[in-house]
Amino acid sequence: MNDPNPPASRIFDYVIVGAGTAGCVLANRLSAGGRHHVLLLEAGGRDDYFWIDIPVGYLYTIGNPRTDWCYQTEPEPGLNGRRIGYARGKVLGGCSSINAMIYMRGQASDYDHWAQLGNRGWGWDDVLPVFKRSEDYQHGADAFHGAGGELRVEERRVNWEILDAWRDAAEACGIAKIEEFNRGDNAGNAYFQMNQRRGRRWSATRAFLRPVLGRPNLTVWTEAHVQRLAVERREDGLRATGVQVRRGRDAPVTVRARREVVMAAGAIGSPQILQLSGIGPGDTLRGLGIDVAMDAPGVGANLQDHLQIRTIYQVANTTTLNARARTLFGKATMALEYALRRTGPLTMPPSQLGAFARSDPDQPSANLEWHVQPLSLDRFGEPLHPFNAITPSVCNLRPSSRGHVRIVSPDPDDAPAIAPNYLDTEEDRRIAVTGLAFTRRIMAAEPLAAFEPRELKPGPEIVGEAALLRAAGDLGTTIFHPVGTCRMGRDADAVVDDRLAFNGVAGLRVVDASIMPTITSGNTNAPTVMIAEKGAEFILQDTDHRP
C-alpha cells in the first residue's frame, strides 16, 4: 500500500500491529487531525481478491492461504480427539474480510458483567453510545442505533420459505419472534442484520481504512510480518519501544514508536507475538530457549470460543440452496440476480436466521443461540448435499471451559498451539446435550411438519445423554469467535487494565478481542469495533496528558 519501499528504520508516534477490524479502526482514529504519525502493519496482503467483496465469497476465502492463516487446533478431547480448522483473517480487514458479516453486539448483561469484575467504563450503558457512534444503520438512528457512522448495517437481501417456517416453529417452542438482536436483550428469534452495503461485504477496511489512506500521517505496510516487539529494561521498568518486522523476503527491520506500540493482532496473533518477545508464561518461554522479559502467565491463557453443534435435517416440498446451486442453470440465475440487483443467494452470510433462548429457567439470560442455514454439507469446503436440507447449529453462549494459545518455537513463522478445550466442564457438556434436545423439539414443531424434516445428523438413533454428548463432540466445530487471551481486569493476573494498557510494560497496549474478560453473546466483530473505538479514546486521552 502506501510507502511501498520504506527505509530500513522509521520512527512513528504509534505502531499498530495487525490491520484487522481493530487495527483499521485504530488507524482511522489515531491518524485523525494529522497530529500523530501512525504505522499500520499487516502480515497479509491487500484486500483486492475478487471473492472478498461478494458476501458468499467466504466459501473461497476461509481455508485459502491467500486470506486465511489456516490454523488448526490441537487434538481436542471434548471433540473426541479431533483437530479442527481455525480460520483467522490474513489480509487487510482481517476477519472482517472473510467472516459471516453478522452484526451482533451481544447482550447488555455481557458488558454489565465486565463492569462488575471491576472494569470501569465497560457496562452496557457505557458501551452502547460507542456502538452507535460508528454505526450507519439502514433504518436510521434511534435509541439503540446510530446513523452516519462508518460501519454499515443492513437487512438480508434474500428470503427462504423454510427459514420463515423455522421461525414459526421456534415461536411454537417458546422463542418469540423479535425485530432484531441488538437492543440488549436478545431472547427471541429474528433474521440477522449484516455488515453489507447494497449486497457487498462492508469490511473494516472499506468502512474505516480506505477512506483515510490519503492522510499523509498514516502509513500502511502489507506483507509485513511482525517478528517480535522491541522491549527495553529501564530504571523505571520495561518499555515497548517498537517492533521488529519482516516485509516479504527482506531482512527484518526495526521500527520505533515514540509513544505506544498497539497490539491489534487478535486473540491468536497478539499473545503469539507477545510470547515471542519474551512476555508470557515463563516456564513455556524458558523451555523454548526464549529470554523471559516478563513472566506473564495470563498472556495466551483464558481462551474462550463458541462451539457450534451443527445438526442437519433433510426437508421436502421446498427449495434450499442445495437445489439452487446444484445445476449450471441455477448457478447462472443466482449470478445474474446478483449482477443486476445485488440480491439473492450470493448476498448470503453463512447464517441468515438466529434464535436466543435459555437452556434452563435458572439462566439469568439467554445462553443458547442457533444459527440456521438453508443449506447443508458434510464439512466446510466440501460440496453441498444433492438434496434439500437445512443446518440448525446450536451453541452455548457462555462457555465455562477455558483454553490457551502458546507458541511452540522461537520461530515467528511457526503457528502457535491453539487449544480451546471445548466441553471441558460438566456445565458445558450438559448445555451441549440440552441444546441438541432443544433443536429436536423445534424441528418436530407443527409449523415445520409440511416440510417433512428428517434428521440426518446426529441421527434419530442417537438417544440418551452419553450418546448425545458423543455426537456433540463429533459434530461440534468453532464458530470463529476466539477471545480472552490478553484478559482485561484489575486483578494481579490480568494482562491489561481497563484502559487496555499492558500491566507491567509501559508504552504497550492491547486493543482487540483478546482483551475480553468473558466472551460476548454472539458474533464478536461488532464488539471488536467497539473495543477499538474505546482503545483509541484511551490512547489519545493519555497522549494529551503526557508531556
Side-chain angles (χ1 to χ4, degrees), residues 9-18 26 30 36-39 41 117-121 226-245 254-265 269-302 405-407 410 412 484-512 514-515 517 531 534-547:
S9 179
R10 293 292 289 270
I11 300 177
F12 300 84
D13 293 306
Y14 300 109
V15 175
I16 303 168
V17 179
L26 288 161
L30 296 182
H36 309 297
H37 287 84
V38 177
L39 173 63
L41 300 170
L117 293 173
N119 297 298
R120 299 160 296 184
V226 172
Q227 310 290 282
R228 56 188 50 84
L229 306 184
V231 180
E232 295 182 0
R233 189 174 297 279
R234 301 180 176 180
E235 288 186 3
D236 56 351
L238 294 176
R239 182 172 187 87
T241 58
V243 302
Q244 185 184 89
V245 57
T254 298
V255 293
R256 298 289 177 180
R258 291 188 189 93
R259 295 189 177 276
E260 291 193 21
V261 175
V262 186
M263 296 300 306
S270 285
Q272 178 189 18
I273 294 168
L274 288 165
Q275 291 175 19
L276 288 167
S277 309
I279 302 171
D283 289 345
T284 297
L285 303 184
R286 281 187 287 268
L288 297 172
I290 295 174
D291 291 336
V292 178
M294 178 182 178
D295 189 349
V299 172
N302 193 48
V405 174
R406 293 178 188 151
I407 58 172
T485 50
C486 293
R487 176 176 65 86
M488 170 176 64
R490 302 190 67 187
D491 58 283
D493 294 329
V495 175
V496 297
D497 65 19
D498 53 19
R499 293 180 67 82
L500 309 187
F502 199 94
N503 291 323
V505 183
L508 178 61
R509 220 174 286 246
V510 183
V511 185
D512 56 32
S514 71
I515 67 92
I531 288 167
K534 286 181 70 69
E537 280 186 1
F538 296 148
I539 292 167
L540 293 173
Q541 288 168 1
D542 290 352
T543 297
D544 290 341
H545 287 90
R546 262 188 223 125

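Under the salt bridge (Lys or Arg N to Asp or Glu O under 4.0 Å) criterion, Asp13 pairs with Arg258, not counting sequence neighbours. The side chain to side chain donor-acceptor pair (under 3.5 Å) search around Ser514 returns Asp512, not counting sequence neighbours. With sequence neighbours left out, Ile290 forms a side chain to side chain contact (heavy atoms under 4.5 Å, CB included) with Leu285, Leu288, Ile407, Pro410. By the side chain to side chain contact (heavy atoms under 4.5 Å, CB included) test, Ala494 is found to be paired with Arg487, Asp491, Asn503, residues two or more places apart in sequence or in another chain being considered. In this structure, the ring pair (Phe, Tyr, Trp, His ring centres under 6.0 Å) partners of His36, at least two apart in sequence or on a different chain, are Tyr14. Not counting sequence neighbours, the partners of Val495 by the side chain to side chain contact (heavy atoms under 4.5 Å, CB included) test are Val299, Cys486, Phe502. Applying the side chain to side chain donor-acceptor pair (under 3.5 Å) test to Thr284 and every residue at least two apart in sequence or in another chain returns nothing. Qualifying side chain to side chain donor-acceptor pair (under 3.5 Å) partners for Arg286, counting only residues two or more places apart in sequence or in other chains: Asp283. Residues that satisfy the side chain to side chain donor-acceptor pair (under 3.5 Å) test with Arg406, not counting sequence neighbours, are absent from this structure. Remark: Arg233 pairs with no residue by the salt bridge (Lys or Arg N to Asp or Glu O under 4.0 Å) rule, at least two apart or across chains. Applying the side chain to side chain contact (heavy atoms under 4.5 Å, CB included) test to Arg499 and every residue at least two apart in sequence or in another chain returns Asp497, Arg509, Phe538, Gln541, Asp542.
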Go through Leu26 and Ile539 one step at a time and tell me if the side chain to side chain contact (heavy atoms under 4.5 Å, CB included) criterion holds. CA-CA 10 Å; Leu26 288 161; Ile539 292 167; 4.3 Å; yes
Please lay out, stage by stage, how Leu508 and Val261 fare under the test side chain to side chain contact (heavy atoms under 4.5 Å, CB included). CA-CA 5 Å; Leu508 178 61; Val261 175; 4.2 Å; yes
Side chain to side chain contact (heavy atoms under 4.5 Å, CB included) between Leu238 and Ile279, worked out: CA-CA 11 Å; Leu238 294 176; Ile279 302 171; 5.6 Å; no
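Summarising the geometry, atom CG belonging to Leu41 is positioned 8.0 Å from atom CZ belonging to Phe12; distances are rounded to the nearest 0.5 Å. A distance of 10.0 Å separates CG in Leu500 from CD in Glu260, rounded to the nearest 0.5 Å.
Across every non-hydrogen atom of Gln227 and Pro412, the tightest pair is OE1-CG, 3.5 Å. Nearest heavy atom pair, residue Asp498 against residue Gly118, reads OD2-O, 3.6 Å. The nearest pair of heavy atoms linking Gly300 to Gln275 is CA-NE2, 3.8 Å. In terms of heavy-atom proximity, Lys534 sits nearest to Gly121 at NZ-O, 2.9 Å. Among all heavy-atom pairs drawn from Val505 and Ala240, the shortest one is CG1-N, 3.8 Å.
A distance-only check finds no donor-acceptor pair linking the side chain of Ser277 to the backbone of Arg228 [under 3.5 Å].
For the pairing with Met263, the side-chain contact (heavy atoms from CB on, under 4.5 Å) check across Val511, Val496, Leu229 returns one residue only, Leu229.
Sequence neighbours left out, not one pair with a member in residues 289-298 passes salt bridge (Lys or Arg N to Asp or Glu O under 4.0 Å).
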